[in-house]
S.K.: 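One structure follows; several queries about it will come next.
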Amino acid sequence: MAYRLRFAPSPTGALHIGGIRTALYNYLLAKQKGGRFILRIEDTDQSRYVPGAEEYILRSLAWLGIHPDEGPGIGGDFGPYRQSERLDLYREYVMKLVEEGKAYYAWDTPEELDARRQQSEDHSFRYDASIRNEMNNSLRHSAEVTAQRLQEDVPYTIRLKVEPGQSIVVTDKVRGEVVFDSSSLDDKVLFKSDGYPTYHLANVVDDHLMKITDVIRGEEWLPSTAHHVLLYRAFGWEESMPAFSPLPLILKPNGNGKLSKRDGQKFGFPVFPLAWPSDNPEQAIEGFDSYGFEPEAVVNFLALLGWNPGTEQEIFSLKELVQTFDPEKIHKAGARFDFDKALWFNQQYVHQLRYDTVAERLEQEGAALGYDLSAGDMEGAFRLLQPRVQLVKEIMPQAKYFFSEDFEMDEESIEKKWKPELSGVLEDVATALASVEPFTFEAAGAKAKEIILASGVKMGLVMPMLRAALTGTMQGPDVFAIAEVLGKDITIARIRKLAKR
RNA sequence: GGCCCCUUCGUCUAUCGGUUAGGACAGCAGAUUUUCAUUCUGCAGAGAGGGGUUCGAUUCCCCUAGGGGCUACCA
């Protein structure tokens, strides 16, 4: 049978990395099996709907290179892919359950239910077989009363009638068998009074109708999977029920609870793929993109958070992940988010980057910093700075001396190490460099060292000053490598300038 | 409170009864770099506790503890 997997987010805001990882795993298995990856928007809660969220989800997946085969705006044979556009379907299916006595109407209002919960000691109120006959529903009332209320459009919900005393075995690929007792399950609301289905109904109906074969989703769904199995059973679809793989949760770095959307701000790292700007700075959120991460690194990092192939390989392209992924190797315990590790992954990718793939970004960043990019060799600067950074965006802020004579001089350090005799040596080095042709870093370095040695002034004194002359700082790439990129004329001019101080 | 899940170095993890318990990040030390970073080498660092099962348990079972999830007309 053809593999069909889906990612089914709710458009309630930006999607955090837990959701991204879920999408990724579904995508990986689908592609590995030559199947299809489907995006379904679960917008059944009108009150939590956030405009722009769906578009954000699409953009995020695209940024990461995860392209759905079917979905809203993409098409496919099983649409529509937005649950709000499938309302008639859910009604039709839930009515079958009602007709067969597997579900029932309930007129209890949210207020009444809240009151019951308040009254009950330690959260013991549960809408189930033990109390449903005293509640306000079609099980307690006569068929006539039910008919009349329906006639009068009294708002109702539809609940699943869970028969107590049966054991429900949920079999999944990461934990094996988990057994639930139906007596501990409540009569879940399937259909809300606003005409929308709840997650449970919509999810089961759609997974069935869309012929989903495997469901990889967060572990928070494990308890309700028991209800879902009951639903498949009620519909008579148990034979074709998808295989489940619960994903361990991504935990806060300090280990207290699952990673939440607010944690990014709290701990100082991104928890969203893409930044979501807002007019209100309080609400604007950062993303891995705005932190300067490469999407490939984010994918790699997330893929290995809670899963690994059992080998010691850590760097995987999306393609390699597709080949290697195995849901049975998903780790069982929750994984703490480790930003340092994320940075390390990014560094691995940054060090492999080819100049032409980042030239445009560097140009924009340089321009934003006010550099005159035509005044220097950007590719040379990139080549020298690339191995020294974890994020591409760290490059341009430390590259000013490649493009300008107006870079800051670390006067304090220069002052501390300055000796009067340096003037002469620097001048001699500058003069000698003029004859170096071609002006490569090897040749320039050899010539400069020759002059310094002959001068009798300590190498350890001159070299830092040469560096200061060229860059203004006491740290950075190899001095002569910088000199080569700057070119002979600029190198000589800067050395002479410092010599004359 | 009830139901369910989980538990190996600080962190992410390997191990599918027999290993000096391996790797990566972070940490520390050294080498290279006459700088800093990179890179390389090395060091340190773990089976929550208690019972079983077994010739032998990190691995299987039970209990305890700890952590997590769910417990909505939210997903």
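Small disclaimer: the values here were computed from a predicted structure and weren't measured. Naming: A, B, ... by sequence-line order, numbering from 1 per chain.
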S.K.: Nearest to the A/Q347 side chain among B/U39, B/C12, B/C4, which nucleotide is it?
M.R.: B/U39
S.K.: A/F301 and ring pair (Phe, Tyr, Trp, His ring centres under 6.0 Å): which partner among A/W307, A/F316, A/F269, A/F337?
M.R.: A/F337
S.K.: Name the nucleic acid region contacted by A/G218, choosing base, sugar-phosphate or nothing; use a 4.0 angstrom heavy-atom cut-off, strictly under.
M.R.: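 Counting heavy atoms under 4.0 Å across all strands, no contact is made by A/G218.
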S.K.: I need the CH2-C1' distance between A/W344 and B/U11, as an integer number of Å.
M.R.: 14 Å
S.K.: Once you apply the 3.5 Å cut-off to both distances, tell me the Watson-Crick or G-U wobble partner of B/G1, or none.
M.R.: B/U71
S.K.: Identify, residue by residue, the members of residues 472-479 of chain A with a heavy atom below 4.0 Å from RNA chain B, and return them in order of residue number, or none.
M.R.: A/M474, A/Q475, A/G476, A/P477, A/D478
S.K.: A/Q348 has an atom CD; how far is it from atom P of B/U38, in whole Å?
M.R.: 11 Å
S.K.: I'd like to know whether A/S120 forms a side chain to side chain donor-acceptor pair (under 3.5 Å) with A/R126, so could you lay out the CA-CA distance, the side-chain angles of the two residues, the decisive distance to 0.1 Å, and finally the verdict.
M.R.: CA-CA 9 Å; A/S120 72; A/R126 193 169 53 217; over 6 Å; no
S.K.: Watson-Crick or G-U wobble partner for B/U53, using a 3.5 Å limit on both distances?
M.R.: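 B/U53 is paired with nothing.
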S.K.: Please name the nucleotide paired to B/U32 by Watson-Crick or G-U wobble geometry with both distances under 3.5 Å, or report none.
M.R.: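 Its partner: none found.
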S.K.: B/C61 and B/U71: how far apart are their C1' atoms, nearest whole angstrom?
M.R.: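 The answer is 29 Å between these two C1' atoms.
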S.K.: Rounding to the closest angstrom, what is the interatomic distance between B/G22 and B/C63 at atom P?
M.R.: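 About 32 Å, rounded to a whole number of Å.
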S.K.: Looking at B/A14, which nucleotide sits across from it as a Watson-Crick or G-U wobble partner, both distances under 3.5 angstrom, or is there none?
M.R.: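 Because no pair has both required distances under 3.5 Å, B/A14 counts as unpaired.
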S.K.: Considering only heavy atoms and no angle criterion, is a donor-acceptor pair shorter than 3.5 Å present between the side chain of A/R336 and the base of B/U11?
M.R.: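 For A/R336, whose side chain was compared with the base of B/U11, there is no donor-acceptor pair (under 3.5 Å).
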S.K.: Do A/K341 and B/A24 share a donor-acceptor pair, side chain to base, under 3.5 Å?
M.R.: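 Pair found.
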S.K.: Could you tell me whether the phosphate oxygens of B/U7, OP1 or OP2, come under 4.0 Å of any side-chain nitrogen or oxygen in A/H331?
M.R.: no
S.K.: Can you check the distance between B/G45 and B/C60, where both ends of the measurement are the C1' atom (answer in whole Å)?
M.R.: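 Between the two C1' atoms, the distance is 28 Å.
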S.K.: Is A/D114 salt-bridged to A/R117, going by a charged N under 4.0 Å from an acidic O?
M.R.: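 Here A/D114 pairs with A/R117 in a salt bridge, since their nearest N and O are under 4.0 Å apart.
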S.K.: Which part of the nucleic acid, if any, lies within reach of A/L304 when heavy atoms closer than 4.0 Å are counted: base, sugar-phosphate only, or nothing?
M.R.: sugar-phosphate
S.K.: How does protein reach along nucleotides 70-75 of chain B, written 5' to 3' as B (base within reach of a heavy atom under 4.0 Å), S (only sugar-phosphate), or - (no contact)?
M.R.: S-SBBB
S.K.: Can any side-chain N or O of A/H16 pair as donor or acceptor with the backbone N or O of A/L259 at less than 3.5 Å?
M.R.: yes
S.K.: Verify whether the ring centers belonging to A/F37 and A/F7 lie closer than 6.0 Å.
M.R.: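 Not under 6.0 Å, so no.
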S.K.: B/C5 C1' sits how many Å from A/I330 CD1, rounded?
M.R.: 15 Å
S.K.: Rounded to whole Å, please give me the gap between CG in A/D172 and P in B/G69.
M.R.: 18 Å
S.K.: When the C1' atoms of B/U64 and B/A21 are compared, how many Å lie between them, rounded to an integer?
M.R.: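 The answer is 26 Å between these two C1' atoms.
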S.K.: Here's a test of your reading of the structure: between A/I452 and A/D340, which maps to the more 5' nucleotide of RNA chain B?
M.R.: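 Final value for this comparison: A/D340.
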S.K.: Do A/R175 and A/E219 meet the salt-bridge criterion of a basic N to acidic O distance under 4.0 Å?
M.R.: yes
S.K.: How far apart are the C-alpha atoms of A/N346 and A/Y291, what are their side-chain angles, what is the distance that settles it, and do they pass the side chain to side chain donor-acceptor pair (under 3.5 Å) test?
M.R.: CA-CA 11 Å; A/N346 199 70; A/Y291 264 76; over 6 Å; no
S.K.: Let me know the distance between CG of A/N254 and P of B/G67, rounded to the nearest Å.
M.R.: 13 Å
S.K.: Which value, in whole Å, describes the distance between the C1' atoms of nucleotides B/G47 and B/U41?
M.R.: 28 Å
S.K.: Indicate whether the side chain of A/S138 and that of A/R149 have a donor and an acceptor atom separated by less than 3.5 Å.
M.R.: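 Looking only at side-chain atoms, A/R149 and A/S138 do not form any donor-acceptor pair under 3.5 Å.
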S.K.: In whole angstroms, how far is the C1' atom of B/U38 from the CD atom of A/Q398?
M.R.: 12 Å
S.K.: Roughly, in whole Å, what's the span from CZ in A/R217 to P in B/G69?
M.R.: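 Atom CZ in A/R217 sits about 17 Å away from atom P in B/G69.
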S.K.: Donor-acceptor check, side chain of A/K341 to backbone of A/L305, threshold 3.5 angstrom: yes or no?
M.R.: no
S.K.: If you measure from the C1' atom in B/U39 to the same atom in B/A46, how many Å do you get, rounded?
M.R.: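 After rounding to an integer number of Å, I get 29 Å for this pair.
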S.K.: Considering Watson-Crick and G-U wobble pairs with both distances under 3.5 Å, what does B/U8 pair with?
M.R.: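 Across any shown strand, B/U8 pairs with none.
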S.K.: Using a strict threshold of under 4.0 Å (side-chain N to carboxylate O), is an ion pair present between A/D108 and A/R116?
M.R.: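 Looking at A/R116 and A/D108, the cut-off is not met.
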S.K.: Answer yes if the side chains of A/Y90 and A/D206 hold a donor-acceptor pair under 3.5 Å, and no otherwise.
M.R.: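 A pair is found: one side chain offers a donor N or O, the other an acceptor, under 3.5 Å apart.
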S.K.: Which nucleotide in the set B/C4, B/U13, B/C25 lies at the smallest distance from any side-chain heavy atom of A/V178?
M.R.: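 From the listed options, B/C4 comes nearest.
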S.K.: In whole angstroms, how far is the P atom of B/G69 from the CG atom of A/L222?
M.R.: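 Distance, rounded to whole Å: 13 Å.
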S.K.: If pairing requires Watson-Crick or G-U wobble contacts with both distances under 3.5 Å, which nucleotide is the partner of B/G45?
M.R.: none
S.K.: Examine B/A14: is either OP1 or OP2 under 4.0 Å from a nitrogen or oxygen in the side chain of A/N308? Give yes or no.
M.R.: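 So the side-chain polar atoms of A/N308 do come within 4.0 Å of the phosphate oxygens OP1 or OP2 of B/A14, strictly under.
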S.K.: Counting only Watson-Crick pairs (N1-N3 plus N6-O4 or O6-N4) and G-U wobbles (N1-O2, O6-N3), all under 3.5 Å, who is the partner of B/A37?
M.R.: none
S.K.: Less than 4.0 angstrom from a charged side-chain N to a carboxylate O is my criterion; do A/R82 and A/D43 meet it?
M.R.: no
S.K.: Say we look at B/A29 and B/C12: how far apart would their P atoms be, to the nearest angstrom?
M.R.: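 Looking at atom P only, B/A29 and B/C12 are 25 Å apart.
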